[in-house]
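Just so it is clear, the structure is predicted and the values come from calculations on it, not from any experiment.
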Amino acid sequence: GVTEIVDNYDVDGIHMDDYFYPGPDVNDDADFAKYNTGFADKNDWRRNNCDLLVKGISDALKDRDVVFGMSPSGIWANAGNNPLGSDTRGFESYSEIYADTRKWALEGWIDYIAPQIYWEIGHSAADYKTVAKWWSDTLASSNTKLYIGMGEYRVSDAGSDSVWYNGAALKDEFELNKTMPKISGEIHFNYSPIMKSDALKSLLKEHNGVTAAETPTQPTTQTTVQTTKTVIDEPTVQPTTQVIPPISKNDIMVYLNDKTLVFDQPPIIENGRTLVPMRSIFEGLGMEVEWNNAKKRITATDDKGTLIIMTIGDRIMTVNGKVVEMDVPPKIVSSRTLVPIRAVSEAYDAKVEWDGVNKTVYIETAK
């Protein structure tokens, strides 16, 4: 499956999340009896199965110009169960899902590892500092890069009495990461809470040394700021790329309330209408968007009760149950879903203007 992807599609890498054995109670007695090749302990046999999977992918990718990485559970093993483990008392990938992630990194089977350390500094069972330092020390002499999976989702429902409120815990963790040279950056879970929180946006800009500049009303050029520290990781049926392509003079620019929208797939013009990647426009408007891959259906909602439904190839859009006929239907381009920006914006009661000379769309929502 991996080689089919890399041989037929222009991808930069293969990323595996934390999915291996479903747990210690998996019914694999028959498989163990049939396929065991000398393991006395079934748990060791299970770990070997996962080793074979990861090593096999690693070997298959050696002659292909792609990166192979993993984002496992934050805790490899607890020291109380394994002397090589961390001083923690949490879920262990080594014994719970039989993933020897430490081995994969030390053996160089993966190019990077991003343990999901979604706890705060001072957590009683899984202290962020303890876990991050364990990974940093463990991989100190390894060529495998270490990124940390950060838990931005913890900020979403945090009250003012929580260490996660407005990203306070994250700020402390970012500062701690800077003191560990082995940590090369962070992967953020996930994109949605960042887009909804001005505090998180400011925190990430500050952490990555990005200076916010006021966007001119009628811009003639755009500067793209690229950072090497931050990657956004969003689990979704339709993946989002992490690499922002350089801006070409032929690219269409889109401004929403005087802020530039950045796309991982350039907007296109079809039959006189501009189509843009769905997530950028819907989330820019403050809506949550869901993608149904089986039905090729887009559903966008907001906290005001707005409901927009669109389907690939269908010019009919429903807005709060009302049928609206679009000039062009949504379509998929380079594995990205593109939607007509005017139809979507006007469905959200936004004002849309097109500057044909500068190939620029201006969107202004109701104040």
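Qualifying ring-ring contact (aromatic ring centres under 6.0 Å, His included) partners for Tyr153, counting only residues two or more places apart in sequence or in other chains: Tyr118, Phe189. A search for ring-ring contact (aromatic ring centres under 6.0 Å, His included) contacts involving Phe20 returns Trp104, not counting sequence neighbours. Lys196 pairs by the side chain to side chain donor-acceptor pair (under 3.5 Å) definition with Glu288, not counting sequence neighbours. The salt bridge (charged side-chain N to carboxylate O under 4.0 Å, His left out) test applied to Asp161 returns no partner, not counting sequence neighbours.
Side-chain contacts under 4.5 Å among hydrophobic residues (ILVMFWY), followed directly or transitively, place Val323 together with Ile316.
Under the ring-ring contact (aromatic ring centres under 6.0 Å, His included) criterion, no residue pair touches residues 322-344, with sequence neighbours excluded. Applying the salt bridge (charged side-chain N to carboxylate O under 4.0 Å, His left out) test to every pair with at least one member in residues 297-326, sequence neighbours left out, gives these pairs: Arg315-Glu325. Annotation: salt bridge (charged side-chain N to carboxylate O under 4.0 Å, His left out) contacts involving residues 19-30, sequence neighbours excluded, comprise Asp28-Lys42, Asp28-Arg46, Asp29-Lys42. Here side-chain hydrogen bond (donor to acceptor under 3.5 Å, both in side chains) pairs that include residues 61-70, with residues two or more places apart or in two chains, are Asp7-Arg64. The salt bridge (charged side-chain N to carboxylate O under 4.0 Å, His left out) analysis of residues 98-109, with sequence neighbours excluded, yields the pairs Asp51-Lys103. Residue pairs that meet the salt bridge (charged side-chain N to carboxylate O under 4.0 Å, His left out) test with at least one member in residues 342-351, sequence neighbours left out, are Arg342-Glu346, Lys351-Glu353.
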Throw together a table of side-chain donor-acceptor distances under 3.5 angstrom for residues 135-144, partners on residues two or more places apart or in other chains.
from, atom 1, to, atom 2, distance (Å)
Trp135, NE1, Gly74, O, 2.7
Asp137, OD2, Lys133, NZ, 2.7
Thr138, OG1, Trp134, O, 2.6
Ser142, OG, Ala105, O, 3.2
Ser142, OG, Thr144, N, 3.0
Ser142, OG, Thr144, OG1, 3.4
Thr144, OG1, Ala105, O, 2.7
Thr144, OG1, Ile110, O, 3.2

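Remark: Arg273 does not engage Glu270 in a salt bridge, criterion side-chain N to carboxylate O under 4.0 Å.
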